[in-house]
Amino acid sequence: MWESESEAAAGREYGGGILTSTKHGVKIEGFHQRGNSWYVSADIPSDLQVQIGEANFHLHKYPLLSRSGKLNRILYDSRNPDLNKIAMDDLPGGPEAFELAAKFSYGVAIDLTAGNISGLRCAAEYLEMTEDLEEGNLIFKTEAFLSYVVLSSWRDSIVVLKSCEKLSPWAENLQIVRRCSESIAWKACANPKGIRWAYTGRAPKVSSPKWNEMKDSSPSRNQLVPPDWWFEDVSILRIDHFVRVTTAIKVKGMRFELIGAGIMHYATKWLPGLGNDAAIAVEETSINNGNNSSSSGSDGSWKGGLHMIVAAGTRDETSSLQAKDQRMVIESLISIIPPQKDSVSCSFLLRLLRMANMLKVAHALITDLEKRVGMQFEQASLNDLLIPCYSKSETMYDVDLVQRLLEHFLVQEQVEGSSPSRQQSLSDKLVGSSLNAKARVARLVDSYLTEVSRDRNLSLTKFQVLAEALPESARTSDDGLYRAIDSYLKAHPTLTEHERKRLCRVMDCQKLSIDACMHAAQNERLPIRVVVQVLFSEQVKISNALANNNSLKGGGVESQFQPIITNRKTLLEGTPQSFQEGWSTAKKDINTLKFELESVKTKYLELQHDMENLQKQFDKVMKQKHTSAWTSGWKKLSKLTKMTNVENHDIANHIPTSEEQNRKTTRRWRNSIS
C-alpha cells in the first residue's frame with residue numbers, strides 16, 4: 001500500500017469521510033429498513049416511492065426535488081402533481097448508492113469510503129445533483145473526495161478502480177477509471193524515497209518477513225522496496241482496467257522487463273491453465289477449480305480469476321463463458337506485451353500461444369505472438385514446444401506451428417545480421433552468440449523431431465522439411481538428428497527402401513560421432529548404402545584418431561596444445577558426450593555407457609593389432625608357396641612342349657597330301673559306278 005504524507009491532512013479536512021447536509025427542510029429521526037423497503041422516521045408521512053430493482057424507498061418529495069434535477073424533470077414531464085411512484089432501475093450503483101444519496105438529501109451524515117465513492121459519484125451524476133440546485137451538492141462533494149483523498153492514496157485508488165467494474169459506462173464517462181489508472185501508474189513508477197510505505201497487497205501467509213515487520217511496526221523511509229511490490233495489488237483488477245494501468249505505466253517510462261514481469265504475474269493469476277504442463281481443456285475446468293485470485297471491494301459478480309458466478313445454467317454454458325473470458329484476457333495481454341526482446345520469457349509466450357490456439361484467438365494476434373516467440377526461440381524448452389494440434393489434423397502435435405516459429409527465428413537472425421547498425425558494431429562475441437543460438441535451436445529441433453517421430457500419422461515430408469529448415473552450419477554434430485531418424489524408422493516400419501533413403505538423406509554421415517557410427521553400423525533399419533557410408537566414415541575417423549595419437553606421443557610437449565583435427569567435416573571430436581546426450585536420459589546410464597565404450601575401444605585396438613600381425617605372417621607364407629609352385633610349373637611346361645614338338649613332326653610325315661586323297665576317292669567312286 002502507498003500512503004503519501006498528504007493523506008492524513010486530506011482525511012482531516014473532510015472529517016474522515018463523514019459528509020452531512022444541513023439544509024433539508026424535513027425533520028427526521030433516521031432511516032430504517034424493513035425487508036427490501038426503506039422508511040424515513042418523520043412526523044410527515046412519505047409522499048414519494050422510488051423503486052430501484054427490488055428495493056423500495058418511501059421518501060418525501062421536497063428534500064429530493066430540492067437537490068435532484070432528474071427527479072424534478074420526471075415530475076414536471078409527467079404533468080401529474082399527484083405522482084407518487086418512480087422507478088429508476090438503471091441508476092448506477094444500485095440501491096446502496098441511492099440510499100446514500102437520499103440520506104445526503106435529508107441531511108443525514110454519510111460515511112464516504114473508497115468502496116462507495118465511485119458508485120455515489122455516478123449516482124449523483126445520474127440524479128443531476130449539481131451546484132445549480134444548491135451549493136455544495138453531492139456531485140461537488142464526491143468529486144472533491146475523489147480528487148483530494150482517493151487519488152492521493154495507493155490503496156484507495158486500487159479499491160475505487162476495482163469498484164468501477166460494475167459502473168460502466170458511467171465511470172468511464174466521468175473519467176474515474178482514467179484518473180485512478182494514472183494515479184496508480186504514477187505511484188508505481190515514482191521514486192520510493194521520501195514516501196511512507198506499508199505493504200498490504202499480499203496475504204500474511206505469503207508475505208515476506210520484511211513486509212510483515214513493516215506492517216507491524218511504524219513505516220520507515222529507509223526500507224528497501226522491491227521492484228515488484230505493485231504486482232499483487234494491480235493483479236486484482238479486471239483485464240480492461242489492468243490494460244489501462246499497464247498502458248499508463250508504459251507512458252511513465254518504466255523498464256520493459258518489469259512491465260513484462262507484471263504481465264506474467266497477472267496472466268498466471270487469471271489464467272489457471274497457463275502453468276500446467278499438460279494441454280488444458282476448457283470444458284473440463286470447473287468453476288471452483290479456478291479460484292486463483294482474490295477480489296477486493298464489493299464486486300460480487302466476479303470470483304476466482306475469470307470464473308463468473310452464474311445463477312442458473314448448464315455446465316456447457318459455464319464453460320463457454322469461461323472460454324470467452326479467457327479469450328478476452330489472452331487477446332488483451334498479447335496487445336500490451338512490450339515489443340522489446342526478453343521483456344517476457346519464451347516459456348510464457350509458448351504457454352500463452354498454446355492457450356491462444358486452443359481458444360481460437362484472432363489470427364492476427366496469434367501471428368504476432370508467433371513472431372515474438374521467434375525472436376527468442378533459442379530460449380525455448382522441449383516441454384513448452386510440444387503444443388497439441390487443436391485444428392483438424394491427424395498429427396498429435398502441431399508440427400506446422402513449430403515450422404513457422406523456426407522460420408520466424410531464421411528471418412530474425414538474418415535481419416539482425418544484415419542491418420547496417422549491426423554490421424558496424426559486429427564483433428566476434430556477437431558472431432559467437434549468433435552461432436550458439438543456432439546451435440541451441442538445432443539441438444531443440446532434433447529433440448522435438450525425436451518426440452514427434454513416434455507419431456505414426458506424421459508424414460515423411462513434414463519430418464524432412466523441419467529437419468532441413470536449419471542451415472548446415474547450425475549443426476556441429478548430427479547425432480541428435482540420427483536419433484530422430486532412427487525413432488521415425490521404428491514408428492514407421494512400412495516405409496519403402498526409397499523412402500528410407502530419402503529420410504536418411506537429411507543426415508550427414510561425416511558429422512556423426514564414433515559412438516553414433518558404431519550404433520548405425522549395426523542398425524538393420526537403415527538402408528545398406530547408408531550403412532556403407534557410415535562404415536567408411538567410421539574407418540576414416542578411427543584412422544585419423546590413431547594417427548593423431550601417434551603424432552601427439554612423438555611431437556613433444558608443444559604438440560599437446562595443437563588441435564587434433566582442423567577440418568570440421570572429418571569430425572574428430574570423438575567424445576561420447578555429444579552422442580550420449582541424445583541417447584540417454586539419466587546421468588548414471590551415460591557414465592556406464594562411457595565406461596563400456598572405452599573398454600570396447602581398447603579391445604578393438606588390440607584386435608586390430610593382432611590382425612595386423614596375423615596378416616604379415618599370412619603374407620610371408622603365401623609368398624613362399626607361390627614361389628615354389630611357379631618354378632615346378634615352368635619345368636613341367638618346358639618338358640611338355642618338347643614332347644609335343646616331336647610327336648607333331650612324326651605325325652606330319654605320315655599324313656597324305658590332298659591330291660593323293662582325291663585320287664583315291666575318285667578311283668573308289670569309279671569302281672563303284674562300274
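- Rounding to the nearest 0.5 angstrom, the gap separating the NZ atom in Lys187 from the CD1 atom in Ile158 is 10.0 Å.
- The side-chain heavy atoms of Glu125 and Leu174, taken from C-beta on, include a pair separated by under 4.5 Å.
- Ion pair Arg244/Glu172 flagged as a salt bridge, since at least one NZ, NE, NH1 or NH2 atom sits closer than 4.0 Å to an Asp/Glu carboxylate oxygen.
- Ring orientation note: the planes of Tyr106 and Phe31 are nearly perpendicular, at an angle over 60° on the 30°/60° scale.
- Counting heavy atoms from C-beta on, the side chains of Gln376 and Leu349 come closer than 4.5 Å.
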*Could you please spell out the steps behind the side-chain contact (heavy atoms from CB on, under 4.5 Å) verdict for Ser343 and Ile337?*
CA-CA 8 Å; Ser343 58; Ile337 294 177; 4.1 Å; yes

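- Looking only at side-chain heavy atoms (C-beta outward), Val40 and Ser46 stay at 4.5 Å or farther from each other.
- Contact annotation: the side chain of Val234 approaches that of Ile184 to within less than 4.5 Å [non-hydrogen atoms, C-beta and beyond].
- Using a 4.5 Å heavy-atom cutoff, the side chains of Ile74 and Asn72 are not in contact.
- Salt-bridge annotation for Arg178 and Glu182: present, with a side-chain N of the basic residue lying under 4.0 Å from a carboxylate O of the acidic one.
- Ser147 pairs by the side-chain contact (heavy atoms from CB on, under 4.5 Å) definition with Glu143, Arg179, not counting sequence neighbours.
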*Might you work through the side-chain contact (heavy atoms from CB on, under 4.5 Å) test for Gln326 and Leu271, ending with a clear yes or no?*
CA-CA 7 Å; Gln326 289 184 348; Leu271 298 173; 4.0 Å; yes

*So Cys122 and Lys166, side-chain contact (heavy atoms from CB on, under 4.5 Å) or not? Walk me through it.*
CA-CA 11 Å; Cys122 295; Lys166 301 181 298 179; over 6 Å; no

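- Proximity of Gln379 to Asp342: side-chain heavy atoms (C-beta onward) are separated by under 4.5 Å at one or more points.
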*Kindly indicate, with the supporting measurements, whether the criterion side-chain contact (heavy atoms from CB on, under 4.5 Å) is fulfilled by Glu99 and Trp38.*
CA-CA 9 Å; Glu99 175 194 350; Trp38 286 87; 3.2 Å; yes

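- Between Lys70 and Glu128 there is no salt bridge, since no side-chain N of the basic residue sits under 4.0 Å from a carboxylate O of the acidic one.
- The aromatic ring centroids of Trp154 and Trp229 lie less than 6.0 Å from each other.
- A heavy-atom distance below 4.5 Å is not found between the side chains of Phe140 and Glu135.
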